[in-house]
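In what follows, every chain begins at residue 1, and chains take the letters A, B, ... in the order their sequences are listed.
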Amino acid sequence: MTENRFDPSTADGRWQSAWEQAGTFTADSNSDKPKSYILEMFPYPSGRIHMGHVRNYTMGDVLARYKKMRGAEVLHPMGWDAFGMPAENAAMEKKVHPGAWTHSNIEGMKAQLKRIGFALDWTREFATCDPEYYGHEQALFLDMYEAGLVYRKSSEVNWDPVDMTVLANEQVIDGKGWRSGAEVEKRKLDQWFLKITDFAEDLLEGLGNLKDWPDKVRLMQENWIGKSSGLEFSFELSNGEKLPVYTTRPDTIFGASFVAVAADHPIAKAVAEDDPLAGPFIEECKKGGTTAAELETAEKLGFRTQLSARHPFTGDPMPLFIANFVLMDYGTGAVMGVPGHDQRDFEFATKYALPIERVVAKDATDADAPMGNEAEAGDGVIVNSEFLDGMSVEDAKAEVIKRAEDGGWGEGTTVWRLRDWGISRQRYWGTPIPIIHSPDHGPVPVPRDQLPVELPEDIDFDTPGNPLERHPTWKHTTCPISGKPALRETDTLDTFTNSSWYFLRFASQPPDKPFDAEEIAKWMPVQHYIGGIEHAILHLLYARFWTRAMAHIGKLDVKEPFAALFTQGMVTHETYSLGDGSWLSPDEVSKDGADWTRIEDGAPVTAGRVVKMSKSKKNVVDPDAIIDQYGADAVRWFMLSDSPPERDLPWSEAGIEGCWRFVQRLWRLFDAYDPAATGEDKALARKAHQTIVAVAEDIEALSFNKAVARLYELTGAAEKAEPSEARNFAIRAILHMVSPMMPHLAEEAHAKMGADGLIADAEWPAHDPAMLVEDEVTIAIQHKGKLRDTITAPKGAPKEDLEALALASEKVQRSLQGAEVRKVIVVPDRLVNIVT
RNA sequence: GCGGGUGUGGCGGAAUGGUAGACGCCGGGGACUUAAAAUCCCCUGAUCCUAUAGAUCGUGUGGGUUCGAGUCCCACCACCCGCACCA
């Protein structure tokens, strides 16, 4: 029996070599075939491929192989998002150079990917840390610089006062530096920004054309861009100055009871010069991190200044506060506080005992209804507001804007939540920003013929801070204009810039420029882009912006980079812990009956929640170990089975065992293929034809779990059937349909059946439309809304016949018990519902 | 805090407003075998029951619309993702 088993340990490598030698998956830009660009988000080379990668790339691989079977010229490339903080952390901890660490990780991970048999075009591989790649990126940066899309301004960073270094948000834990434990401060630095806000309207409108993106992602981007219309006007302050504020709720202006400015607002600074108590409050606001989540969950604090603002309609004075929840980056950095109808203002007013007045009510008669324990932000009728009384919220907004514009003290404006993209990072392992700071000419672009500006190799991480800043010679250069000594920019680019155009470089990689627009046009947009939901906003928005920016400056004839987007779920695993709360890895434990124990000493183990695989919880399974045991195809099949691809997939030992059994079941079925078999099997033939259509639909919808279920069903039916021509047809159909999912098994069986060539080059099986139609259907019969019986009827039977058949049913009569039939609802080919 | 999502047997899940639980896993029983592995067959939501039949309940919770709701509407609960320097 041993020779009748599929042995992946020899077969996998053999077919992987065969594909490589034949160049099966090398994409030809000049092919006449219709093009299909399938792309999965490229990985960060963290060290090892994990199951999340395997799932992501298996989905893309099935699509790529399927499209090829459907006659497309497929581009399915792979590369490395190779810049980033982990390499610097490794450098600090293990004393390895970030580049050496990264390249060694790439080598290992590439070998891992190759073992899984992905249909990738490795001839186009690159890493973003290759000077060739980041040199082209520097050229694109300068293009944008020259087009006025880059500028410099002061912006806040997290500053660790002990390590004297800038911290990423993830390095700030509970407001403290992750290494030093020191309380983090906000500090302002001059940084480079890209004008993504110039494209805000276009990025928003473009979402409407992205029909094949998940609704949720479009909605998230829409909210992130955050277009809002409102009123910008100035309060007259008691010291005679004007204070511009922006509000989206001008209709509630009569409910305003205070005015507040951000801690870094010029007025706050001015107040601090006169009021000795204001300074410490502003300093207090600088403590803690810079993230939105931290700012918004922090307790709302304010400082009451001696100034007041004059209400534009009533003339009443309102106190002016400096408040920690007002953001300098949004609107004008100052707000009017309407506690009755804004939750943040409500909490603030409650804390500082400010009036909370109702100016919106359900109904005009509810004008005096008391306010509850929270703000009422909903729709209603305006009350207690003089000339606005009785108006709807919408009409009142328009009326206030009109009066402000007529009176010349304010105007209706559009404000965006989206902020310009800060791209400066005070780090070594990134793309050097190709700018020279000249003493005479300020920032000057590095001349094109001096690109790439390469990172120096001889650096160290022995002291905190940016090694580029500390390097003895690297930053010293000359001004391209005056020739006088000048300093290089020592900040590097945000790694999101690297991933904002890598898909263009995959499609076209001339040596002398970033990409060739004509060649790009052959492949772009990406037909299917697959990756994690965690990239729903930032990466995808930046890539959409970058593509537009390239088109804007005439480098590209593409606007939207990704025609269809798919966001896959995570791979999860049960967790195991000892009594002391320490985590154990899956291979340290075993199950005895219902109980888990540690293999080493039999200590009792608690099996806990199923969560995302992570090193910290030790619930990781290494793809290499699984492939050693079961081969690539069983792992690929597991990745596609059961869970819908957009949801989480729980890894289990039992599950992979089941996949392994199915691999062997298929092998035996293929072995039972008998070219000499004759005879009919109408039912099996029909099922095979139906499955061919359904599986194709499922793959195109990325519903791999459904395709898998249908293949199980057809396999079961073919196994049970007697040899016949129909059975042979079904077996060949199954072989071809599983070939994108289990390519090694399929090639091996294909060859064993004596077929020529590679199944990777084969076509998707054809179906006969006449074989798809059933001639009998099962009809459900309901009474009192419950199923009482089912009957079989010819497809398309008239309603009267179905009604008669239903009423004739013995079970139905028993349920009716002679009750009067008041109504019969008949849905043809579906059901009969009897109402009594 | 704000924005987005998810919730169906022991588990993963299926189901154009029309037979809830397809398909897989786990579990139980049986066949084959000296035995084991492998393989094959049958059963498998809960409760009741006069038990090859039948009844009731059941898709996170509470309401509603409908002849009919997992699916549509309203309110709530739990968990997950993102929040601009993680990638």
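- Here B:A87 presents its C1' atom at 6 Å from CZ of A:F496, a figure rounded to the nearest Å.
- Classification of A:K186 and A:E156 as a salt-bridged pair fails, no side-chain N sitting under 4.0 Å from a carboxylate O.
- A donor N or O paired with an acceptor N or O is not found under 3.5 Å between the base of B:G3 and the side-chain atoms of A:N223.
- Within 3.5 Å, a donor on the side chain of A:R427 pairs with an acceptor on the base of B:C85, or the reverse.
- Here the separation of B:A15 from B:C23, taken at their C1' atoms, is 12 Å to the nearest Å.
- Taking atom P on both B:C26 and B:G68, the two are 41 Å apart, rounded to the nearest angstrom.
- Atom P of B:G12 sits at a distance of 7 Å from the matching atom of B:U8, rounded to the whole Å.
- Heavy-atom distances to RNA chain B give each of A:V708 and A:P43 a nearest nucleotide, and the one nearer the 5′ end belongs to A:V708.
- Between A:D671 and A:R668 no salt bridge is recorded (no basic side-chain N to carboxylate O distance below 4.0 Å).
- For the pair A:R710 CZ and B:A14 C1', the interatomic distance rounds to 10 Å; values are reported in whole Å.
- Under the 30°/60° scheme for interplanar angles, the aromatic rings of A:F662 and A:Y712 are found to be tilted.
- To the nearest angstrom, P of B:G4 lies 19 Å from CD of A:E646.
- If you take NE2 of A:H539 and P of B:G82, they are 15 Å apart, rounded to a whole angstrom.
- Donor-acceptor pairing under 3.5 Å, judged by distance alone, is present between the side chain of A:N833 and the base of B:C67.
- For B:G5 and B:U56, the P atoms lie 38 Å apart once the distance is rounded to whole Å.
- Atom pair A:E170:CD and B:C86:C1' shows a separation of 4 Å (rounding to whole Å applied).
- Checked by atom type and distance alone, the side chain of A:R55 pairs as donor or acceptor with a backbone atom of A:G569 at under 3.5 Å.
- Side chain of A:Q171 to main chain of A:A168: a donor-acceptor pair is present (N/O by atom type, distance under 3.5 Å, no hydrogens or angles).
- The one candidate from A:N498, A:T497, A:T492 that meets the side-chain hydrogen bond (donor to acceptor under 3.5 Å, both in side chains) condition with A:T431 is A:N498.
- Applying the 3.5 Å distance criterion, the base of B:C83 shares no donor-acceptor pair with the side chain of A:E534.
- Interface remark: the A:Q426 side chain does form a donor-acceptor pair with the B:C85 base, using a distance-only criterion of under 3.5 Å.
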Intra- and interstrand pairs of RNA chain B - dot-bracket, Watson-Crick/G-U under 3.5 Å, | marks other strand: (((((((..(((.....[....))).(((((.......))))).((((.....))))..(((((..]....))))))))))))....
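- Here, B:U71 and B:U65 have their P atoms 15 Å apart, quoted to the whole Å.
- The CD atom of A:E294 sits 11 Å away from the C1' atom of B:C83 (whole-angstrom rounding).
- Nucleotides B:C80 and B:G62, compared at atom C1', are 24 Å apart to the nearest Å.
- Here the separation of B:A20 from B:U34, taken at their P atoms, is 48 Å to the nearest Å.
- Between B:U59 and B:G9, the distance separating the two C1' atoms is 10 Å to the nearest Å.
- Between the A:Q664 side chain and the A:F6 main chain, a donor and an acceptor come within less than 3.5 Å of each other.
- A:S703 contributes no side-chain N or O that, together with a main-chain N or O of A:K706, makes up a donor-acceptor pair within less than 3.5 Å.
- Glycosidic torsion of B:G21 falls outside 90° of 0, placing the base in anti.
- Judged by distance alone with a 3.5 Å cut-off, no donor-acceptor contact links the side chain of A:R788 to the base of B:U19.
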